[in-house]
Structure formats: structure tokens, C-alpha cells
Amino acid sequence: MQIRTEIQINATPEKVWNVLTDFSAYPEWNPFVKKLEGEVEVGKVIKVALPGMNFKPLVLKFETNKELRWLGHLFFKGLFDGEHSFTLIDNQDGTTTFIHAENFAGILVPVFKKMLLNDTKPGFEKMNEALKERVERKN
């Protein structure tokens, strides 16, 4: 199962990336990812706090001004796994398309499907709007 959201931000990918990767500021503006701590680089484990959930995903990709992707598991691999990604597309006109997505796999996905659609997807959308507002205000 996949959740995919996107929003156009009136700023360059560099400006969006600067806000997106200022992890210490997340508590000030981010309604979905309440906290992100640790060394954010490929192969490292970070700490992420979402509303009602804390986990320690593995960073899969960290490409400046382009993409941040991590893989998290509920208890152990194969039960409920989520590959979360933030992708920035340069529209070549001073704007950026921000894609916020997650691919879910594992035997518990059907159990959590309704919650993912009713709670998680709106959480992604709220974060997207908050990111857009913060970036454009700083722009």
C-alpha cells in the first residue's frame, strides 16, 4: 500500500531543503514529524517521533536538495514496514514540487489500512502545508 501526497512550493529546492533538513526546528512548525534526531546520513539509524508513535528507522537516501528516504519497522521486519520519502522536484521556474510518500508492506498492512488513510494521509498533507507556509514565509 502507498500513501502519496504532493504540494507545489513557491521557492527553489535549495530553500525547501534548508527548511526540511533543519530538524531541530521541527517542534516549531511540523505537525506530523514532531521530532527527528540523530545523524541523518545513509546507513545510520535516526529517531523519529510522530503523533502517538516513536521509532528508529534506517536512512536509505539523503541526497541534498533532492530526497530523504528512510525505512522503519514495527517491532521486526515483515510485520509492518514503512519506507518514507520526501522528494523535491525542481520545476525550473523557481518553484518546487514536494512529494511526501510512504510505501507500506507487511502482514499487518490490511489491519492498519483504515487508520493509514484516515489519519496518516491527512498528517502528510498537514505537514506539506506547514512546510509550504514556512518556506514561503522565509523566501
Side-chain angles (χ1 to χ4, degrees):
M1 176 184 169
Q2 181 186 61
I3 293 177
R4 186 181 187 279
T5 61
E6 68 177 67
I7 194 166
Q8 184 168 311
I9 300 174
N10 296 314
T12 63
E14 293 80 13
K15 290 179 180 175
V16 176
W17 186 259
N18 286 341
V19 171
L20 182 67
T21 58
D22 182 5
F23 306 119
S24 65
Y26 274 24
E28 296 170 20
W29 68 269
N30 196 327
F32 186 70
V33 181
K34 301 292 190 180
K35 192 186 290 185
L36 192 155
E37 297 176 322
E39 260 186 274
V40 183
E41 59 182 69
V42 175
K44 299 279 186 173
V45 173
I46 56 176
K47 294 178 186 175
V48 177
L50 305 178
M53 181 183 211
N54 296 314
F55 61 103
K56 295 178 180 178
L58 175 69
V59 177
L60 301 176
K61 190 167 188 180
F62 188 73
E63 187 175 348
T64 303
N65 302 326
K66 294 194 179 190
E67 185 178 12
L68 168 57
R69 188 165 21 106
W70 68 64
L71 178 62
H73 308 286
L74 181 64
F75 302 120
F76 55 86
K77 188 176 180 180
L79 189 62
F80 184 76
D81 307 327
E83 186 173 310
H84 201 103
S85 63
F86 303 118
T87 306
L88 284 64
I89 307 294
D90 187 345
N91 296 323
Q92 303 296 318
D93 61 1
T95 68
T96 302
T97 299
F98 176 71
I99 300 168
H100 185 176
E102 187 152 2
N103 292 317
F104 298 95
I107 59 173
L108 289 182
V109 169
V111 174
F112 289 121
K113 186 174 184 175
K114 188 174 180 180
M115 180 207 63
L116 293 170
L117 294 174
N118 293 337
D119 299 334
T120 305
K121 186 174 184 184
F124 283 20
E125 291 165 343
K126 286 178 187 170
M127 179 183 160
N128 298 357
E129 289 290 340
L131 177 64
K132 175 181 173 71
E133 182 181 317
R134 187 166 178 97
V135 170
E136 291 179 357
R137 196 168 5 110
K138 289 184 173 226
N139 200 5

In Å, rounded to the nearest 0.5 Å, how long is the span from [atom1] of [X] to [atom2] of [Y]?
X	Y	atom1	atom2	value
Met127	Trp29	CE	CH2	4.5 Å
Tyr26	Thr21	OH	OG1	7.5 Å
Asn30	Leu36	CG	CG	9.0 Å

- request: Could I get the full list of ring pair (Phe, Tyr, Trp, His ring centres under 6.0 Å) partners for Phe62, not counting sequence neighbours?
  value: Trp17
message: Tell me which pairs pass side chain to side chain donor-acceptor pair (under 3.5 Å) where either residue lies in residues 116-126, with sequence neighbours left out.
response: none
- request: Check the pair Trp70 / Phe86 against side chain to side chain contact (heavy atoms under 4.5 Å, CB included), numbers first and verdict last.
  value: CA-CA 9 Å; Trp70 68 64; Phe86 303 118; 3.7 Å; yes
message: Can you confirm whether Thr12 sits close enough to Val16 that some side-chain heavy atom of one is under 4.5 Å from a side-chain heavy atom of the other?
response: no
- line: For Glu133, the salt bridge (Lys or Arg N to Asp or Glu O under 4.0 Å) test, sequence neighbours excluded, returns none
- line: Residues passing the salt bridge (Lys or Arg N to Asp or Glu O under 4.0 Å) test with Glu129, sequence neighbours excluded, are none
Residue pairs, two or more places apart or on separate chains, that pass salt bridge (Lys or Arg N to Asp or Glu O under 4.0 Å) and touch residues 13-35: Glu28-Arg134
task: Only pairs at least two apart or in different chains count here, so list each salt bridge (Lys or Arg N to Asp or Glu O under 4.0 Å) that has a residue in residues 60-71.
output: Lys61-Glu63, Lys61-Glu67, Glu67-Arg69, Arg69-Glu83
Review item, side-chain donor-acceptor pairs of residues 41-60, under 3.5 Å, at least two apart:
none

message: Tell me whether Arg4 is salt-bridged to Glu6, with the criterion being a basic N under 4.0 Å from an acidic carboxylate O.
response: yes
message: If hydrophobic clusters are built by linking Ile, Leu, Val, Met, Phe, Trp and Tyr wherever their side-chain heavy atoms come under 4.5 Å apart, do Phe80 and Leu71 end up in the same one?
response: no
Kindly list each side-chain donor-acceptor pair under 3.5 angstrom involving residues 89-109, sequence neighbours excluded, with atom names and distances?
from, atom 1, to, atom 2, distance (Å)
Asp90, OD1, Gln92, N, 2.8
Asn91, OD1, Thr97, OG1, 3.2
Asn91, ND2, Thr95, OG1, 3.0
Asn91, ND2, Thr97, OG1, 3.0
Asp93, OD1, Thr95, N, 3.0
Asp93, OD1, Thr95, OG1, 2.5
Thr96, OG1, Ala11, O, 2.7
His100, ND1, Asn128, OD1, 3.0
His100, NE2, His84, NE2, 2.8
Glu102, OE1, His84, ND1, 2.6
Asn103, OD1, Gln2, NE2, 3.0

